[in-house]
Amino acid sequence: DEKFTLIASSISQVEKFFHLNFLQKKLARKYWPGPLSLVVTKKYAIRVPKNIVARKLARRSKKPIIATSANISGKKISYSVSSILKQFRKGYIFPDMILDAGNLPIQKISTIVEAKSDNSIQVVREGAISKKLFTNTDLNRRKLI
């Protein structure tokens with residue numbers, strides 16, 4: 001029952017692998033690249049991040065890539081390689097490889113939403129984008145575009 005977040009290089013790459021309904025497309029145009037993940041199946045959410053290195057990896061692989069957190073579940077978010085190594089040093093698992101693209105900017109986690117074809121939005125996890133932006137927005141008046 002594990003759920004995964006994927007990273008894509010662009011909206012067009014997302015659409016090669018997943019059908020986006022009208023509302024999902026509106027949200028993608030408004031918030032991508034950025035900290036919004038859209039639930040596209042029961043098992044996957046997907047986003048186009050601001051991080052250029054992540055987008056290049058997805059573009060070069062020619063398909064979305066799994067985006068795991070660089071920390072052990074329940075531990076502090078890691079923004080540097082040294083922080084990642086400290087977390088994994090005492091554990092029974094250790095990353096096979098770490099791509100060091102420098103320290104990441106400290107920011108909130110992505111907001112995960114399920115945008116349904118009936119124009120309803122369920123916020124699965126609130127993060128960098130406030131839940132209020134989805135509940136107070138009149139989608140029928142096209143404020144998201």
Heavy atoms only: give me the nearest [X]-[Y] pair and the separation to one decimal.
| X | Y | value |
| --- | --- | --- |
| A8 | I46 | CB-CD1, 4.0 Å |
| S80 | N103 | CB-OD1, 3.1 Å |
| A128 | T111 | N-OG1, 3.4 Å |
| L20 | E15 | CD1-CG, 3.9 Å |
| G102 | D100 | N-OD1, 2.9 Å |
| P49 | A54 | CG-CB, 3.9 Å |

Between [X] and [Y], is there shared hydrophobic-cluster membership here, with clusters defined by ILVMFWY side-chain heavy atoms closer than 4.5 Å?
| X | Y | result |
| --- | --- | --- |
| L36 | L133 | yes |
| F4 | V14 | yes |
| I7 | V39 | no |
| Y79 | L99 | no |
| I77 | V81 | no |

I'd like to check [X] versus [Y] (side-chain heavy atoms, cut-off strictly below 4.5 Å). Are they in contact?
| X | Y | answer |
| --- | --- | --- |
| L104 | N51 | yes |
| I11 | R29 | yes |
| L38 | W32 | yes |
| F22 | S117 | no |
| I121 | L27 | yes |
| T5 | I66 | no |
| F18 | L6 | yes |
| P35 | I129 | yes |

Q. Just how far is it from atom NZ of K86 to atom NZ of K75, taken to the nearest 0.5 Å?
A.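 The NZ atom of K86 sits 13.5 Å away from the NZ atom of K75.
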
Q.
Would you compute the distance between atom CZ of R89 and atom CZ of F94 and round it to the nearest 0.5 angstrom?
A.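 Here the rounded value is 7.0 Å.
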
Between [X] and [Y] (side chain of the first, backbone of the second, donor and acceptor by atom type, cut-off under 3.5 Å), is there such a pair?
| X | Y | result |
| --- | --- | --- |
| Y31 | K26 | no |
| S9 | R55 | no |
| S37 | I112 | no |

Q. How about S110 and R125: does a side-chain donor come under 3.5 Å of a side-chain acceptor?
A.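 There is such a pair (donor and acceptor under 3.5 Å, judged by atom type) between the side chains of S110 and R125.
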
**Q.** side chain to side chain contact (heavy atoms under 4.5 Å, CB included) between F17 and K63, worked out
**A.** CA-CA 8 Å; F17 295 91; K63 56 187 167 186; 3.4 Å; yes

Q.
V123 vs K131, test: side chain to side chain contact (heavy atoms under 4.5 Å, CB included). Steps then yes/no.
A. CA-CA 7 Å; V123 177; K131 188 180 199 175; 3.8 Å; yes

(Q) Check this for me, if you would: do K108 and E126 make a salt bridge, where the nitrogen-to-carboxylate-oxygen distance has to be below 4.0 angstrom? (A)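 No, no charged N to carboxylate O under 4.0 Å.
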
Q | Any residue meeting side-chain hydrogen bond (donor to acceptor under 3.5 Å, both in side chains) with S78, in chain and number order, not counting sequence neighbours | A |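 S78 satisfies side-chain hydrogen bond (donor to acceptor under 3.5 Å, both in side chains) with S83, Q87 once adjacent residues are dropped.
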
**Q.** Test side chain to side chain contact (heavy atoms under 4.5 Å, CB included) applied to Q24 and K116, step by step
**A.** CA-CA 8 Å; Q24 289 170 322; K116 300 178 182 175; over 6 Å; no

